[in-house]
Amino acid sequence: VFVASCLLDIYAKNGALLDAQKVFSKLPHKNLISWTALIAGYADHGPGQVAIKCLEDMKSHGVSPNSVTYICVLKACSNLKSLADGRNMHSEIVMKGFEEEAVVSSSVVDMFCKCGSLQDAYKTLKSLKVRDIVSWNALIAGYTEHGPSQEVLVHLEQMEAEKISLDAVTFVYAIKACGNSGAVEQGQGLHLQIAQKGLENDTFIASTLVDMYSKFGLIIDAQYVFERLSVRDVVSWNAIIKGYGMNHAGKKAVKCFEDMIREGMKPDTVTFTCILSACSHGRLVCKGKEIFKLMSTVHGVVPVLDHYNCMIDMLSRAGCINEGLRFIDTMPCSPS
RNA sequence: AGAACGUCGUACUA
């Protein structure tokens, strides 16, 4: 039975839902753990409706869901963006008293944000007896993605008023919101706080700062953050390459790309959209064509629609209409 | 007893 449970979990985690379902149906005694593992599989890999259906089946088989089960079903509601299902789950959770648990309440807040209802998310958060940092971060994430960016800064103040110290996740969202809304002064203020807390070297924060400064047009500051970063991953490189491209520094973008390769960093599909777009905006047609060729041959990255669009854009900007048309003929997918 | 669980960064996500 343990072996079957583990197997079920492995299948569910990998999205092999048919296999998971098969193992599950052969279990002689389906308990809380096996039901939840199955639901987790459907929540992560879809279809989410099945996860919700499983919860009903589970209850009708006389097995009571616990907080973990509800967290998984909430994730399914998020993926479905189904506010109606989410609200139903929330009422059930409140009725059963699971909302007292921070892991559950933060998941509820996150679910409401992902279903597009910042109001429900905020109302839930405010009604909680204990608001932990994760619940706040989930709300701020929601406002960063869907809401007015000024609200993000208002919520930061509320957090500080509640004496919750901002963590790396909070800062990532806050500076992202500043970048999206052009809030230069607030962004600089947050950067100062980040430096004071010694979080400047956090890879996630640094990449977001690079992106924020690039969006402000302050490429010098973006470069400063990038250069001081001791451990750079592919996202930090992509962010600075994109930054140069956005700020009319195509040649620097190319140089940066070449540095990246020289340092042994493996470029990914995003790297190539950034660098090809930089070549396009900087009229670096030869370089762009060269990089496009190396992309699949040397770096093993399969070009997708975005890359082709960059190339067509680049060729047509340079006036090479015929070459652009010929290029379209070589595309495996249809152009947009 | 053990096995299931929450908020993050760079494209696209219209």
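Naming convention: chains lettered A, B, ... in sequence-line order (proteins, then strands); numbering from 1 in each chain. Atoms considered below: every heavy atom in the structure, side chains included; atoms not considered: hydrogens, waters and symmetry mates.
Its side chain within the 4.5 Å cluster rule, A:Leu294 clusters with A:Val298 among the Ile, Leu, Val, Met, Phe, Trp and Tyr residues.
Using a 4.0 Å heavy-atom criterion, one finds that A:Asp233 contacts the bases of the nucleic acid, with or without backbone contacts as well. The residue A:Asp44 sits apart from the nucleic acid: no heavy atom pair falls under 4.0 Å. Within the 4.0 angstrom heavy-atom criterion, only backbone atoms of the sugar-phosphate kind lie near A:Asp9; the bases stay farther away.
Taking the ring pair (Phe, Tyr, Trp, His ring centres under 6.0 Å) definition, one finds that A:Tyr244 meets it with nothing, sequence neighbours left out. The ring pair (Phe, Tyr, Trp, His ring centres under 6.0 Å) test applied to A:Phe292 returns A:Tyr308, A:Phe327, not counting sequence neighbours. For A:Tyr143, the ring pair (Phe, Tyr, Trp, His ring centres under 6.0 Å) partners two or more places apart in sequence, or in a different chain, are A:His155.
A donor and an acceptor atom never sit less than 3.5 Å apart when one is taken from the side chain of A:Ser107 and the other from the base of B:rG6.
Considering only side-chain N and O atoms, A:Lys176 lies nowhere under 4.0 angstrom from the phosphate OP1 or OP2 of B:rC8.
Residue A:Met212 contributes atom CE, which lies 13 Å from atom P of B:rU10 at whole-angstrom precision. Summarising the geometry, the separation between CG on A:Asn180 and P on B:rG9 is reported as 12 Å, rounded to the nearest angstrom. Distance CG (A:Asp202) to P (B:rU7): 17 Å, rounded to an integer number of Å. The nearest whole Å value for the distance from the CZ atom in A:Arg232 to the P atom in B:rG9 is 21 Å. For A:Phe171 and B:rU7, the CZ to P distance is 20 Å, given to the nearest whole Å. Put simply, CD1 on A:Ile133 is 18 Å from P on B:rG6, counting in whole angstrom units. Taking atom CZ on A:Phe98 and atom P on B:rC5, their separation rounds to 17 Å, with Å as the unit.
Comparing the same atom, C1', in B:rU7 and in B:rA3 gives a spacing of 25 Å after rounding to whole Å. Spacing between B:rU10 and B:rG6 at atom C1', rounded to whole Å, works out to 24 Å. Between B:rG9 and B:rC5, the two C1' atoms lie 24 Å apart (nearest whole Å).
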Original post:
Under the salt bridge (Lys or Arg N to Asp or Glu O under 4.0 Å) criterion, do A:Glu56 and A:Lys53 qualify, and how do the steps go?
Top reply: CA-CA 5 Å; A:Glu56 295 311 316; A:Lys53 170 89 172 39; over 6 Å; no
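Of the candidates B:rC5, B:rU7, B:rG9, the closest approach to any side-chain atom of A:Lys114 belongs to B:rU7. You'll find that the side chain of A:Val103 is closest to B:rG6, out of B:rU10, B:rG9, B:rG6.
Within residues 134-142 of chain A, the residues approached by RNA chain B to less than 4.0 Å at the level of any non-hydrogen atom are A:Val134, A:Asn137, A:Ala138, in residue-number order.
Listed by first and then second residue, the side-chain hydrogen bond (donor to acceptor under 3.5 Å, both in side chains) pairs involving residues 166-176 of chain A are A:Asn137-A:Asp167, A:Asn137-A:Thr170, A:Glu145-A:Lys176, A:Asp167-A:Thr170 (not counting sequence neighbours).
For the side-chain contact (heavy atoms from CB on, under 4.5 Å) with A:Met295, the lone residue among A:Val302, A:Val301, A:Thr271 that qualifies is A:Val301.
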